[in-house]
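We count ligands from 1, going down the list as the structure has it; atoms in each ligand are counted the same way. Residues take their numbers from the sequence shown, with the count starting at 1.
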Amino acid sequence: MEEEQIYFLISFFTIADRYPPQTMNSINKDSIIRTRRSNMTIGIDKISFQVPNYYLDMTDLANARETDPNKFHIGLGQDQMAINPETQDIVTLGASAAAKILTDEDKKDIDMVIVGTESSTDFSKSAAVIIHNLLDIQPFARSFEIKHACYGGTAALQQAHDYVSLHPDRKVLVIAADIAKYGLNSGGEPTQGCGAVAMLITKEPHILAFNNDSVFYSEDVYDFWRPAGHDYPLVDGHLSNQIYIDSFTRIWEQNKKINQTSSEDYAALTFHLPYTKMGRKALRAIFPEMPEEEQQRLEARYDEAILYSRQVGNLYTGSLYLGLLSLLDNSQLVAGDRVGLFSYGSGAVSEFFSMTLMEDYKKYLTSENNHTLLAQRKRLTIAEYEKMFNEKLPTDGGSHSFSDPTDFAINKIDGDIRYYNK
Ligand code: COA
């Protein structure tokens, strides 16, 4: 018998033990195959993020757009928005996020660099291979980009998990990096932002372990998309809100059925955060099924998980993971606590899965640095923001130099090749 088949049978009977017969009838074969994994602990060993050194205050934006600031601060749940100069792109942000956590030893052990993004600067060459070079990761590695709207980071993370489960002594670097732009004076303008989250996926991780309980959902819908040639996405904002909530409630029901869980099993639920009110609406959509103290407990954790996103705005693929990082840095969760993660990418693909906190995980976070990174940014005036927003890298094929001393910033573009500080 092949190893795969033995594995399947062992998994089937292990799962059959866990679920009563009437439940087994409702679990299809696919979900059993999905649950089939080794006992090895795999997860996030290190995690960090990077944002550009500029931000716009949402009160300033509201005043400039003749809108009540409460619409942005309360209605959308956003206080500040990260803004990038033209010299800082997904490569700059992704490389900077990863450089903070990788040791020389890690760089020898990494077999894959995966960048989840919907802000690619090239239809062919991936940001991952450039980051691989900038970080001096050993050459016999795979580097590639992965896409489905804001879901790409999760696709990368799950791919990383699967690779490490087959190659336990190797590591995978996952980067979720994006520049979320809808255009000046557009409906989506207050829900912009940018940044990158980097995660090192290994066996016996120090921070969080996968529970191998993913539930997925796909629906072919046009709520947000960016056809080739468009600088900004086309978006039906209110439809995207609706599909997001519908996707969450459906996947939550499916999760309860397949994984036999309820809200009590989760110390916290984290969400994709295009703006922080969005996840709150989804969370509140399942409140009717739980007692009031349970609602308050989950909402208190939610408030801890959105502290960073309130100051950064939308990171597209990175938003869920910035929320996770904010929760880890700002809550008092303890080892063994289970955190639920809801990933949503318009178009639409979503996934719900959970991870469990490891012993002493706080020791392996870079919480102080994260707070400092946000506190040290420069506040832009509206005029500076609009100027920065409109600046575009030249596309004439000529040679142009830039002086941005930031780590990994673009210092030259020549023959349509971007050169980065190393
Ligand atoms: N004080 C407090 N709250 C206010 C307010 C005020 N003065 N004015 C409006 N609000 C509230 C509204 O009641 C609404 O809250 P609700 O959603 O809980 O009902 C919220 O602010 C947003 O108001 P709305 O009129 O819906 O804003 P909008 O028409 O400008 O659209 C988005 C908001 C998010 C749809 C829009 O910014 C967008 O398209 N963003 C990009 C797409 C996106 O992020 N989608 C998310 C899913 S991926």
Do Ser319 and Tyr321 come within less than 4.5 Å of each other through their side chains, counting heavy atoms only?
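A side-chain contact under 4.5 Å is absent here.
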For Lys46, give me all partners under salt bridge (charged side-chain N to carboxylate O under 4.0 Å, His left out), at least two apart in sequence or on another chain.
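Scan of Lys46 (salt bridge (charged side-chain N to carboxylate O under 4.0 Å, His left out), adjacent residues dropped) gives Asp106.
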After noting the C-alpha distance and the side-chain angles of Thr87 and Thr406, does the key distance pass the side-chain contact (heavy atoms from CB on, under 4.5 Å) rule?
CA-CA 9 Å; Thr87 46; Thr406 313; over 6 Å; no
Can you give me a line-by-line list of nitrogen or oxygen pairs between ligand 1 and the protein shorter than 3.5 Å?
from     : atom 1 : to     : atom 2 : distance (Å)
ligand 1 : 7 (N)  : Asp68  : OD2    : 2.9
ligand 1 : 15 (O) : Lys277 : NZ     : 3.4
ligand 1 : 17 (O) : Lys281 : NZ     : 2.3
ligand 1 : 18 (O) : Lys277 : NZ     : 2.8
ligand 1 : 26 (O) : His238 : NE2    : 2.9
ligand 1 : 27 (O) : Lys71  : NZ     : 3.2
ligand 1 : 29 (O) : His238 : NE2    : 3.3
ligand 1 : 30 (O) : Lys71  : NZ     : 2.8
ligand 1 : 37 (O) : Gly187 : O      : 3.0
ligand 1 : 40 (N) : Thr191 : OG1    : 3.2
ligand 1 : 45 (N) : Ser240 : OG     : 2.8

Among Tyr217, Tyr266, Phe216, Phe342, which residue meets the ring-ring contact (aromatic ring centres under 6.0 Å, His included) test with Phe352?
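Only one option passes, and that is Tyr266.
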Pair listing, ring-ring contact (aromatic ring centres under 6.0 Å, His included) test, anchored in residues 41-64, at least two apart:
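For residues 41-64, and leaving out neighbouring residues, the ring-ring contact (aromatic ring centres under 6.0 Å, His included) pairs sorted by first residue read Phe49-Tyr308.
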Partners passing side-chain contact (heavy atoms from CB on, under 4.5 Å) against Thr202 (at least two apart in sequence or in another chain)
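With sequence neighbours excluded, Thr202 shows a side-chain contact (heavy atoms from CB on, under 4.5 Å) to Asp45, Lys171, Leu200, Pro205, given in chain and number order.
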